[in-house]
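Predicted, not measured: the structure shown is a model, and the values here were computed from it. For the single chain, residues carry numbers from 1 onward in sequence order. Any value given below was found using the heavy atoms of this structure, including those in side chains, with hydrogens, waters and symmetry copies removed.
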Amino acid sequence: MATSISTTGVRFHQQRIRIEQSQGIQRLTNRPLLTFEERLAGCLVGTAVADSLGLPYEGLSRSRAAKILGPANRHRFVFGRGMVSDDTEHICMVAQALIFANGDVAKFQTNFAKRLKYWFATLPAGVGLATAKSCLKLWLFCSPTTSGIFSAGNGPAMRAAIFGAYFKDIQQLQNFLKAATVVTHTDPKAYHGAIAVALATRLGCQHFHVDGKLFLDLYSATVIDADDELLPKLQQVIDSVQRGDTVLEFAAQLGCHQNASGYVLQTVPMAIHAWLSHQRDYRSAVTSIIACGGDADTTAAIVGGIVGATVGENQIPVQWRDHVIEWPRTLSWISRLSQQLATASEDQQAKKKPPRLSVCAVFIRNVIFLLIVLGHGFRRLLPLY
């Protein structure tokens, strides 16, 4: 990969600092921003709630989703309740690994790979092809540094928001994000998409309103790669937002007239557009991206993580939170995870153990989840009415 994390020049680091401090971003003046713990909780819970809302729409075109399910204004996965997919599971595993690593990037990568390996053994439904192949390589004793597949799928981007909410130092953010990315994906585009999501979250946490041009400048100063294919698409995002286009209109400009694919060069620009268009409106941001169809749980999870970290858990609609029936990875468990992650960051001298989940409980849950998914698949074979 042309992008270098460990050897990024001092001048680029200084340029990033100038960008983040520039006056192009309006700071909140009449009330304080969220606390560090509130950001983490908002990011993790925001990812889970949006993921559960988007899951029933996964793989459906816009028109078919509208006829079968209607608008994404409430949970529709099982009897008016919602469950999460691998998007939430991955970002929680990242948080657990961050707690375990205690600031050591090598320990983080090894622990994250171990969690992925055993997570895969519980037979989760709907695993991405690149992630599945990577997990198989881990079971075949491949190192986490060589287990990744050359793919530009959404895996790294869907778990990237927590890095932006957690790390105060941008160089650390890059180091840890790259370490997590290469465990499953080695195509540079996968990393570029993930760093764009992390930087969006970072700016959202730090500032009340983020100007699109400043986000673009920060991204281009961070990703020093002449072959970066995401940068021109992010420029399209900024131009579209400035024109006042909706997320649906922008998706059509990308060629996604009926659905969003699992390709990072489509997913991330659409997610960034939804964030910039609804920076402090969780409901509108999430529903606007789900309406684009396709990989709806992942696009919603990405947007939910960014905006959730910006506004906090309390600004996520109560009805949406209350109707998530996930187990054993409940929203209470996720909130506890965010608290431990915040504590681990404040005191890196003490060795800490992240909250655990019973492997047997996760396996039972996955069997039930798979049956519900199969039920949705059968429903899609029936007439629309």
Side-chain angles (χ1 to χ4, degrees), residues 1-3 5 47 50-51 54 58-59 85-88 90-91 94 116 126-134 147-164 173-174 176-202 215-216 218-220 222-238 240 247 250-256 259-276 289-290 292-306:
M1 179 184 295
T3 303
I5 294 177
T47 297
D51 179 16
E58 170 73 6
S85 72
D86 58 332
D87 304 283
T88 300
H90 276 227
I91 202 170
V94 166
L116 273 177
V127 182
L129 184 58
T131 300
K133 290 180 178 180
S134 300
S147 59
I149 304 298
F150 191 82
S151 167
N154 290 329
M158 74 189 190
R159 58 187 183 236
I162 192 63
F163 292 97
L173 185 158
Q174 290 179 274
F176 278 77
L177 181 58
K178 177 62 183 299
T181 298
V182 298
V183 173
T184 55
H185 295 68
T186 59
D187 189 326
K189 293 189 286 292
Y191 170 71
H192 296 161
I195 195 68
V197 172
L199 292 176
T201 310
R202 176 183 173 87
F215 163 74
L216 188 66
L218 180 59
Y219 173 84
S220 61
T222 303
V223 178
I224 313 301
D225 187 346
D227 298 323
D228 181 9
E229 297 179 48
L230 181 60
L231 182 60
K233 293 188 179 296
L234 293 178
Q235 180 63 65
Q236 285 183 256
V237 173
I238 308 309
S240 178
V247 182
F250 176 70
Q253 294 166 26
L254 287 180
C256 303
N259 55 62
S261 71
Y263 185 38
V264 72
L265 291 187
Q266 292 181 344
T267 299
V268 169
M270 291 168 62
I272 296 299
H273 194 292
W275 161 60
L276 287 173
I289 195 70
I290 293 175
C292 294
D295 197 9
D297 61 333
T298 296
T299 54
I302 293 171
V303 174
I306 299 173

Notebook entry, point to check: What's the verdict on side chain to side chain contact (heavy atoms under 4.5 Å, CB included) for L276 and I238, showing C-alpha distance, side-chain angles and the deciding distance?
Noted result: CA-CA 8 Å; L276 287 173; I238 308 309; 3.7 Å; yes
Check: Taking all atoms of both residues into account, what is the closest heavy-atom pair of L218 and T222, and its distance?
Finding: O-OG1, 2.7 Å
Item checked: pair P269-F250: side-chain heavy atoms closer than 4.5 Å -> yes
Next item on the list: List the atom of A300, the atom of G54, and the distance in Å for their closest heavy-atom pair.
Entry: CB-CA, 4.5 Å
Item checked: Residue pair V264 / H192, side-chain heavy-atom distance below 4.5 Å -> no
Check: With respect to N154, which candidate in D87, T299, D295, T298 satisfies the side-chain hydrogen bond (donor to acceptor under 3.5 Å, both in side chains) definition?
Finding: D295
Checklist line | Sub-4.5 Å side-chain heavy-atom contact between T184 and R159 | finding: yes
Item checked: Atom of A152, atom of A190 and distance for their closest heavy-atom approach -> CA-CB, 4.3 Å
Checklist line | Shortest non-hydrogen separation from A274 to V303 and the atoms involved | finding: CB-CG2, 4.0 Å
Checklist line | Straight-line distance of M270 CE to I289 CD1, nearest 0.5 Å | finding: 4.5 Å
Margin query: Distance check, rounded to the nearest 0.5 Å: D297 atom CG versus E58 atom CD?
Written below: 4.0 Å
Item checked: Set of residues satisfying side-chain contact (heavy atoms from CB on, under 4.5 Å) with respect to T47, sequence neighbours excluded -> T88, I91, A301
Checklist line | Any donor-acceptor pair under 3.5 Å from T201 side chain to V197 backbone | finding: yes
Next item on the list: Could you pull out the closest heavy-atom pair between H185 and P156, with the gap in Å?
Entry: ND1-CD, 3.4 Å
Item checked: side chain to side chain contact (heavy atoms under 4.5 Å, CB included) assessment of V237 paired with F215 -> CA-CA 11 Å; V237 173; F215 163 74; over 6 Å; no
Checklist line | I302 side chain reached by W275 side chain, heavy atoms, under 4.5 Å | finding: no
Notebook entry, point to check: Can you tell me how far the OG1 atom of T186 sits from the CZ atom of F150, to the nearest 0.5 Å?
Noted result: 6.0 Å
Notebook entry, point to check: Okay, side chain of N259, backbone of G293: is any donor-acceptor separation there less than 3.5 Å?
Noted result: no
Item checked: Heavy-atom side-chain proximity of S151 to Y263 below 4.5 angstrom -> no
Note to self: Any non-hydrogen side-chain atom of F176 less than 4.5 Å from a side-chain atom of V94?
What the structure shows: no
Notebook entry, point to check: Nearest heavy-atom pair of G305 and A161: which atoms, and what distance?
Noted result: C-CB, 4.0 Å
Note to self: Could you check whether any side-chain heavy atom of L231 comes within less than 4.5 Å of a side-chain heavy atom of V223, counting everything from C-beta outward?
What the structure shows: no
Notebook entry, point to check: Do L216 and Q235 have side chains that get closer than 4.5 Å, going by heavy atoms?
Noted result: yes
Next item on the list: Mark yes or no for whether S240, through its side chain, and Q236, through its backbone, hold a donor-acceptor pair below 3.5 Å.
Entry: no
Margin query: How long is the straight-line distance from CG of D51 back to CE of M158, given to the nearest 0.5 Å?
Written below: 8.5 Å
Notebook entry, point to check: How many angstroms lie between atom CD1 of I195 and atom OG1 of T181, to the nearest 0.5 angstrom?
Noted result: 8.0 Å
Margin query: For a side-chain hydrogen bond (donor to acceptor under 3.5 Å, both in side chains) check, start with the C-alpha distance between D225 and Y191, then their side-chain angles and the critical distance, and finish with the verdict.
Written below: CA-CA 11 Å; D225 187 346; Y191 170 71; over 6 Å; no
